[in-house]
Protein chains: 2
Amino acid sequence: MFLPLLRPYIKSSHKLSIKRGDFIYHEGESPESLFLIESGLVGLFHNSETGKETFLRVFGKDDIFGHRSYFAQTNYHASTVALEKTELIVISKDQCNEICQSDTELLKTMLMTLSKDLGEAELRLAGLQDKTAPQRIAESLIYFKLKYPDHTWTRKEIAEFSGSTFESVTRVMTKLSDRGLIAKEGRDYSINDHQKLLEFDHHQG
Amino acid sequence: MFLPLLRPYIKSSHKLSIKRGDFIYHEGESPESLFLIESGLVGLFHNSETGKETFLRVFGKDDIFGHRSYFAQTNYHASTVALEKTELIVISKDQCNEICQSDTELLKTMLMTLSKDLGEAELRLAGLQDKTAPQRIAESLIYFKLKYPDHTWTRKEIAEFSGSTFESVTRVMTKLSDRGLIAKEGRDYSINDHQKLLEFDHHQG
DNA sequence: CGTTAGTTTGAGGCAGATCAACTTTGGTGG
DNA sequence: CCACCAAAGTTGATCTGCCTCAAACTAACG
């Protein structure tokens, strides 16, 4: 959603072509640029000392990323990895500074995006306390499939996004498939019954 | 931190005086104003259908709140409650619109605040996966006492912030007190050993 | 086809939530 | 100022969701 707004500013833009599994930046590094997705899919992950990985956000076509650290003026709090073949436009910090000086509309759009993301993060935080693992997994299945229907999500990705383990995701998906709420298609899946999926495990599934 | 920036805009400001336990707004309502704290303390809480409460953010003197929903242009995703006697300045949506039109510096400050809050929320999200309850409780004890040393936090508040239960908070605090890392003072507590508190339960406490 | 990353299924264990009964604190109003 | 009592905190016993570990299977890509 940002590409159209930013397009006029991008003159001599630096482009980047990467494949699944490639890192764009690592947690702890200092942000030197923003990234815009021309095509592909990128995930933001946090890795703990104990080796546990958490899937924080997904970025798709026309999304910007790296902006949170830029505005917070802190180092990256998480790492970004390509989830599939991806084409990026790299915008330098200097270019950003110029743009932010002049374009109030862009600043407001950024404010809206960050505000929505903060709301989502906090609702996920609350969800980890008051929803069961199967509920959160069912919600993640819907979220991923609605927002990025063409990507085949691994059980591991779904687990790290929903706050669970890939074994639990497998078990829940088997159950959901048995009940006809989803259909497994190789490693991929499709959603049959949206509504029942949201009500799943609403105490006792 | 916002009051100084906003002070010049506040002419005929509406003021609000409330006591502990009073709600300022409820989850689901449409945001009609922003709030600025002249004195006191306010908590942002999310309540689930099952009755579980999650403590999302704290706001103190000079902090603004209600801004996330204003910028996201969505209804409130959580409720705000006074944690002690509090004096508020109420800023109408119209006033906000005017201010945002003209003041780029203020927009940038807002962007920084939201970016930092998003980072914190996501690190807490990750922490719920990869840290033990005692670790999270110890961190919350530090966070609360450093940021708001004069407030006496209840076990329930600490629990809802750290993602635990008040019984677990009690047990952990007893253990920490026995080891001399904190000192219980009536219902309040003080911190004796910061460093060891952070290392607590770093696998096996 | 061979290889490897991804998936499935089962068995077992444990951190921490829940339930319950009791004690302490500190505010308030007589 | 003290007595009272509701709110807050403590402590113990129990219970369970789901994580962990393990082992065998299968899809998909070169």
Side-chain angles (χ1 to χ4, degrees), chain A residues 19-21 48 50-55 81 83-85 127-138 140-141 144 151-178 182-189 200-205, chain B residues 19-21 48 50-54 81 83-85 127-138 140-141 144 151-160 162-178 182-189 200-205:
Chain A
K19 63 174 200 303
R20 176 170 173 89
S48 75
T50 65
K52 194 121 198 169
E53 199 162 77
T54 306
F55 191 164
V81 188
L83 301 176
E84 57 184 48
K85 194 176 174 314
L128 281 176
Q129 317 283 108
D130 61 44
K131 288 173 186 166
T132 65
Q135 272 180 282
R136 298 193 309 267
I137 291 167
S140 299
L141 290 173
F144 279 146
H151 185 73
T152 298
W153 300 93
T154 66
R155 311 293 186 254
K156 182 166 173 285
E157 283 160 358
I158 297 163
E160 290 176 352
F161 191 80
S162 60
S164 182
T165 58
F166 72 93
E167 295 98 325
S168 290
V169 172
T170 284
R171 281 182 244 271
V172 169
M173 286 181 74
T174 299
K175 204 176 201 177
L176 292 173
S177 177
D178 288 350
I182 66 170
K184 292 204 230 172
E185 295 163 358
R187 285 178 177 166
D188 204 355
Y189 66 94
F200 180 67
D201 207 67
H202 231 284
H203 275 278
Q204 233 33 281
Chain B
K19 61 174 202 304
R20 175 169 173 90
S48 74
T50 65
K52 193 121 199 169
E53 199 163 77
T54 306
V81 187
L83 301 177
E84 57 183 49
K85 194 176 175 315
L128 282 175
Q129 319 283 108
D130 61 45
K131 288 174 186 166
T132 65
Q135 271 180 283
R136 298 193 309 266
I137 290 167
S140 300
L141 290 173
F144 279 146
H151 185 73
T152 298
W153 300 93
T154 65
R155 312 293 187 255
K156 181 167 172 285
E157 283 160 358
I158 298 163
E160 291 176 352
S162 60
S164 183
T165 59
F166 72 91
E167 294 98 326
S168 290
V169 171
T170 284
R171 280 182 244 272
V172 169
M173 284 180 74
T174 299
K175 204 177 204 177
L176 292 173
S177 178
D178 288 349
I182 67 171
K184 292 204 230 174
E185 294 163 358
R187 286 178 178 165
D188 205 354
Y189 66 94
F200 181 67
D201 207 68
H202 231 282
H203 274 279
Q204 238 30 283

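Keep in mind that the numbers below use all heavy atoms, side chains included, and drop hydrogens, waters and symmetry copies. Numbers restart at 1 for each chain; the letters A, B, ... are given by sequence-line order, proteins then strands.
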Side chains of Phe200(A) and Leu141(A): does their closest heavy-atom pair fall under 4.5 Å? no
In whole Å, what is the span from the CG atom of Asp188(A) to the C1' atom of dT7(C)? 14 Å
Could you check whether any side-chain heavy atom of Val172(A) comes within less than 4.5 Å of a side-chain heavy atom of Asp201(A), counting everything from C-beta outward? no
Going by side chain to side chain contact (heavy atoms under 4.5 Å, CB included), name the residues that satisfy it together with Glu53(B), two or more places apart in sequence or in a different chain. Phe45(B), Asn47(B), Lys156(B), Glu160(B)
Distance check needed: dG17(D) C1' versus Arg136(A) CZ, whole Å only. 11 Å
Those residues that, when tested against Glu157(A), pass side chain to side chain contact (heavy atoms under 4.5 Å, CB included) (two or more places apart): Arg20(A), Phe55(A), Leu83(A), His151(A), Trp153(A), Thr154(A)
Within the pair Lys184(B) and dT10(D), is there a side-chain N or O less than 4.0 Å away from OP1 or OP2? yes
Rounded to 10°, the helix from dC1(C)-dG30(D) to dG30(C)-dC1(D) deviates from straight, judged by its five-pair end axes, by 60°
Atom-pair distance (CH2 on Trp153(A); P on dT7(C)), nearest Å: 13 Å
Roughly how many Å is it from NZ in Lys131(A) to P in dC18(D), rounded to a whole number? 14 Å
Starting at atom CD of Glu185(B), determine the distance to atom C1' of dT25(C), rounded to an integer number of angstrom. 15 Å
CD of Gln135(B) versus P of dA15(C): gap in Å, rounded? 13 Å
In this structure, how many angstroms lie between the P atom of dT8(C) and the CD1 atom of Ile137(A), rounded? 12 Å
For DNA chain D, the residues among residues 164-174 of chain A that have a non-hydrogen atom under 4.0 Å from it: Ser164(A), Thr165(A), Glu167(A), Ser168(A), Arg171(A)
Kindly say whether, by distance alone, the side chain of Arg187(B) makes a donor-acceptor pair under 3.5 Å with the base of dT25(C)? yes
Listed by chain and number, what are the side chain to side chain contact (heavy atoms under 4.5 Å, CB included) partners of Ser162(A), not counting sequence neighbours? Arg136(A), Ile137(A), Ser140(A), Ser164(A)
By side chain to side chain contact (heavy atoms under 4.5 Å, CB included), which residues pair with Arg155(B), not counting sequence neighbours? Phe166(B), Val169(B), Thr170(B), Met173(B), Lys184(B)
Any side-chain N or O of Arg155(B) below 4.0 angstrom from OP1/OP2 of dA8(D)? no
